[in-house]
Visitor: 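First the structure, which I've put down as C-alpha cells, then a few questions once you've had a look.
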Amino acid sequence: MFYGTSLTSRCLLGTAGYPSPAVLSEAIKASGTEVITVSLRREGAGGQAFRDILQQLSVRLLPNTAGCYTVKEAVTTAHMARELFDTPWIKLEVIGHAESLQPDPFALVEAAKILCAEGFQVFPYTTEDRIVGEKLLAAGCEVLMPWGAPIGSGQGLNNLKGLQALRSAFPEIPMIIDAGIGAPSHAAQAMEMGFDGILLNTAVAKARDPVAMALAFGQVISAGYLAHHAGLMEQRDMAVPSTPLFGLANLT
C-alpha cells in the first residue's frame, strides 16, 4: 500500500536504457509491474513511441527528479512532472555526490518538506540512515526508498545491518529498495528481510535478454515476499537431524 494505493505486484521498473521501445514494452509485461518510473528527460528522449507505450500499458507512472543536484532543481522538476503526467506521485532524487550518485540528505529532506506541503506524494530516494529516515517521515513522506548500492552498480545490498536496522526501526512504513540491485538473488534477499518492493532498471535493461530478466525479477520478488511472511527458519551453529531419533529401529 503506497499512499492509499494497493498494488498486486511488488516490482517497480525503470524505463531507461532499453534496446528499443518494443523490448521495454515486453519487459514491463513480463515483470508484472504496475508502476514504472519515468523522468522528464526520458520522456522527451523517447518521443512518440515512448508515449504510445504509456498509453497502451495499464501501469501507474512514478515520475522522478533524476539528475537534480539542488533543492530548486528537484522542486521545479517535480512541478513540471506533475503537470505533464497528471499525478501527485514523485520519486524524489537530490544527488549529493556525482560519482556514487549518493543522495544529499540535507537537500533531500528540505525538498521533501516543500513538496509534501504542496500536496505531492513523495517517494524519497535515500540512504539507509535511520535519522534521515525519521526526518523524511516527519516532513510528510509515507514511503522510504533506501538504496541497496550506488545506482547502476549491480552490487546488491552493501550494508545489510544498516538496512535491517532501518526496516526494524519503522516496521509499519512501506519501504522499497531502490538502486544497486544487479541479480534476482539480491532482490530475493531484500524481500526476505521484510522490504515491501524493489525498484530496478539497469539489471533488466542491460541484460542479454531484458524480457526474460524482467520475468525472473518479477517471480523472485514475489517469492521473497512470500518467504518472509511464511517465516524463514533460524540459522543454527550445529546440524539438527530432520528425522527424529526416537522410534528408530535398534539393529544392534
Visitor: Donor-acceptor check, side chain of Ser153 to backbone of Pro150, threshold 3.5 angstrom: yes or no?
Guide: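 Answer holds: yes.
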Visitor: Would Thr65 and Glu73 satisfy side chain to side chain donor-acceptor pair (under 3.5 Å), going step by step from the backbone distance to the final call?
Guide: CA-CA 8 Å; Thr65 62; Glu73 276 187 304; over 6 Å; no
Visitor: Examine distances only and state if a side-chain atom of Thr76 and a backbone atom of Lys72 form a donor-acceptor pair shorter than 3.5 Å.
Guide: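 A pair under 3.5 Å: yes.
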Visitor: Check Gly32 against Ser9 and note the closest heavy-atom contact, atom names and distance.
Guide: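 Result for this residue pair: O-CB, 3.1 Å.
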Visitor: Evaluate the side-chain proximity of Pro19 to Pro210: yes if any heavy-atom separation is below 4.5 Å, no if none is.
Guide: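 The answer is yes, as the side chains (C-beta and beyond) meet within the 4.5 Å cut-off.
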Visitor: Would you check if Ile36 and Leu12 make a side-chain contact, meaning some heavy-atom pair closer than 4.5 Å?
Guide: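 They are not in contact (no side-chain heavy atoms under 4.5 Å apart), so the answer is no.
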Visitor: With a 4.5 Å heavy-atom cut-off, do Met145 and Met175 have their side chains touching?
Guide: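 They are not in side-chain contact.
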Visitor: Please report the shortest heavy-atom distance between Leu115 and Ala78, naming the atom on each side.
Guide: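 Shortest heavy-atom separation between Leu115 and Ala78 comes out as CD2-CB, 3.7 Å.
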Visitor: Compile the donor-acceptor pairs under 3.5 Å between side chains in residues 157-164 and protein atoms, sequence neighbours left out, one pair per line.
Guide:
unit_1: Asn158; atom_1: ND2; unit_2: Gln155; atom_2: OE1; d: 2.8
unit_1: Asn159; atom_1: OD1; unit_2: Gly162; atom_2: N; d: 2.9
unit_1: Asn159; atom_1: ND2; unit_2: Glu128; atom_2: OE2; d: 2.8

Visitor: To the nearest 0.5 angstrom, please state how far the CZ atom of Phe195 sits from the NE2 atom of His228.
Guide: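 It comes to 10.0 Å.
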Visitor: Give a yes or no on whether the ring-centroid distance for Trp89 and Phe123 is below 6.0 angstrom.
Guide: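 Yes; Phe123 has its ring centre under 6.0 Å from that of Trp89.
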Visitor: How far does CG of Leu61 sit from CZ of Phe85, to the nearest 0.5 angstrom?
Guide: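 Interatomic distance, Leu61 CG to Phe85 CZ, rounded to 0.5 Å: 6.5 Å.
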Visitor: Kindly write out the residues that satisfy ring pair (Phe, Tyr, Trp, His ring centres under 6.0 Å) with Phe120, not counting sequence neighbours, or none if the list is empty.
Guide: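 If we apply the ring pair (Phe, Tyr, Trp, His ring centres under 6.0 Å) test to Phe120, skipping adjacent residues, the hits are His79.
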Visitor: Determine which pairs satisfy salt bridge (Lys or Arg N to Asp or Glu O under 4.0 Å) with at least one residue from residues 82-93, sequence neighbours left out, and list them in order.
Guide: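 For residues 82-93: Lys91-Glu93, Lys91-Asp178.
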Visitor: For Ala27 and Ala214, work out which heavy atoms get closest and say how close.
Guide: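 Looking at all heavy atoms of both residues, the shortest contact is O-CB, 3.3 Å.
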Visitor: Applying side chain to side chain contact (heavy atoms under 4.5 Å, CB included) to Phe2 and Ile176, what does each step give before you reach the verdict?
Guide: CA-CA 10 Å; Phe2 304 122; Ile176 301 167; 3.7 Å; yes
Visitor: Spell out, as yes or no, whether a donor-acceptor pair under 3.5 Å connects the side chain of Asn64 to the backbone of Leu92.
Guide: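 Answer holds: no.
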Visitor: Which heavy-atom pair separates Pro105 from Pro103 by the least distance, and what is that distance?
Guide: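 Of all heavy-atom pairs spanning Pro105 and Pro103, the closest is CD-O, 3.2 Å.
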Visitor: Would you name the heavy atoms of Gly140 and Cys116 that are closest together and state the gap between them?
Guide: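 That closest heavy-atom pairing would be C-SG, 3.5 Å.
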Visitor: Could you walk me through whether Tyr3 and Cys141 satisfy the side chain to side chain contact (heavy atoms under 4.5 Å, CB included) test, starting with their C-alpha distance in whole Å, then the side-chain angles of each, then the deciding distance to 0.1 Å, before giving a yes or no?
Guide: CA-CA 9 Å; Tyr3 290 103; Cys141 298; 4.2 Å; yes
Visitor: Are Phe106 and Ile114 connected in the hydrophobic side-chain network, where two residues link if heavy atoms are under 4.5 Å apart?
Guide: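 Shared cluster, no.
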Visitor: Partners of Arg236 by side chain to side chain contact (heavy atoms under 4.5 Å, CB included), sequence neighbours excluded?
Guide: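 With neighbours one apart ignored, the set is Met233, Val240.
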Visitor: Could I get the full list of salt bridge (Lys or Arg N to Asp or Glu O under 4.0 Å) partners for Lys29, not counting sequence neighbours?
Guide: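 In terms of salt bridge (Lys or Arg N to Asp or Glu O under 4.0 Å), with neighbours along the sequence ignored, Lys29 is linked to Glu26.
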Visitor: Through direct or indirect side-chain contacts below 4.5 angstrom among Ile, Leu, Val, Met, Phe, Trp and Tyr, which residues connect to Tyr69?
Guide: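 Ile95, Leu101, Tyr125, Trp147, Ile151, all in the cluster of Tyr69.
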Visitor: Where is the tightest heavy-atom contact between Leu144 and Leu166, given as atom of each residue plus distance?
Guide: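 For Leu144 versus Leu166, the nearest heavy atoms are CD1-CD1, 4.5 Å.
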Visitor: Tyr225: which residues meet the ring pair (Phe, Tyr, Trp, His ring centres under 6.0 Å) condition with it, sequence neighbours left out?
Guide: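 Result, ring pair (Phe, Tyr, Trp, His ring centres under 6.0 Å) vs Tyr225: His229.
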Visitor: For Ser100, what residues pass the side chain to side chain donor-acceptor pair (under 3.5 Å) criterion, not counting sequence neighbours?
Guide: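 Listed in chain order: His97.
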Visitor: What pairs with Ser20 under side chain to side chain donor-acceptor pair (under 3.5 Å), at least two apart in sequence or on another chain?
Guide: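 With sequence neighbours excluded, Ser20 shows a side chain to side chain donor-acceptor pair (under 3.5 Å) to no residue whatsoever.
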Visitor: Roughly how far, to the nearest 0.5 Å, is CD1 of Ile90 from CD of Glu118?
Guide: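 Between atom CD of Glu118 and atom CD1 of Ile90 there are 11.5 Å.
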Visitor: For residues 132-147, which residue pairs qualify under salt bridge (Lys or Arg N to Asp or Glu O under 4.0 Å), counting only residues two or more places apart or in two chains?
Guide: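 Applying salt bridge (Lys or Arg N to Asp or Glu O under 4.0 Å) to every pair that reaches into residues 132-147, excluding sequence neighbours, yields Arg130-Glu134.
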Visitor: Should Leu13 and Leu200 be marked as a side chain to side chain contact (heavy atoms under 4.5 Å, CB included) after you check the CA-CA gap, both sets of side-chain angles, and the distance that decides it?
Guide: CA-CA 5 Å; Leu13 203 60; Leu200 66 151; 4.3 Å; yes
Visitor: Which distance, rounded to the nearest 0.5 Å, do you find between the CD1 of Ile173 and the CG of Leu136?
Guide: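 Separation between the atoms: 11.0 Å.
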Visitor: Yes or no on side chain to side chain contact (heavy atoms under 4.5 Å, CB included) for Leu24 and Thr15, after CA distance, side-chain angles and deciding distance?
Guide: CA-CA 7 Å; Leu24 168 60; Thr15 55; 4.2 Å; yes
Visitor: Please tell me whether Leu215 and Ile198 are part of a single hydrophobic cluster in this structure, the criterion being side-chain heavy atoms less than 4.5 Å apart.
Guide: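 No, Leu215 does not connect to Ile198 through the hydrophobic network.
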Visitor: Heavy-atom distance under 4.5 Å between the side chains of Ile177 and Leu199, does that happen here?
Guide: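 Of all side-chain heavy-atom pairs linking Leu199 with Ile177, none is under 4.5 Å.
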Visitor: How long is the span from the SG atom in Cys11 to the CD atom in Gln219, to the nearest 0.5 Å?
Guide: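 That separation rounds to 11.0 Å.
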Visitor: Once you round to the nearest 0.5 Å, how far does CD1 of Ile28 lie from CD of Gln56?
Guide: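 Going from CD1 on Ile28 over to CD on Gln56, the span is 10.5 Å.
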Visitor: Any salt bridge (Lys or Arg N to Asp or Glu O under 4.0 Å) pairs touching residues 215-230, not counting sequence neighbours?
Guide: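 Qualifying pairs: none.
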Visitor: Given 3.5 Å as the limit, does a donor-acceptor pair link the side chain of Tyr18 with the main chain of Val204, or not?
Guide: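 Checked: no pair found.
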Visitor: Could you note down all residue pairs passing salt bridge (Lys or Arg N to Asp or Glu O under 4.0 Å) where residues 164-174 supplies at least one of them, sequence neighbours left out?
Guide: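 Every pair satisfying salt bridge (Lys or Arg N to Asp or Glu O under 4.0 Å) with a residue in residues 164-174: Arg167-Asp196.
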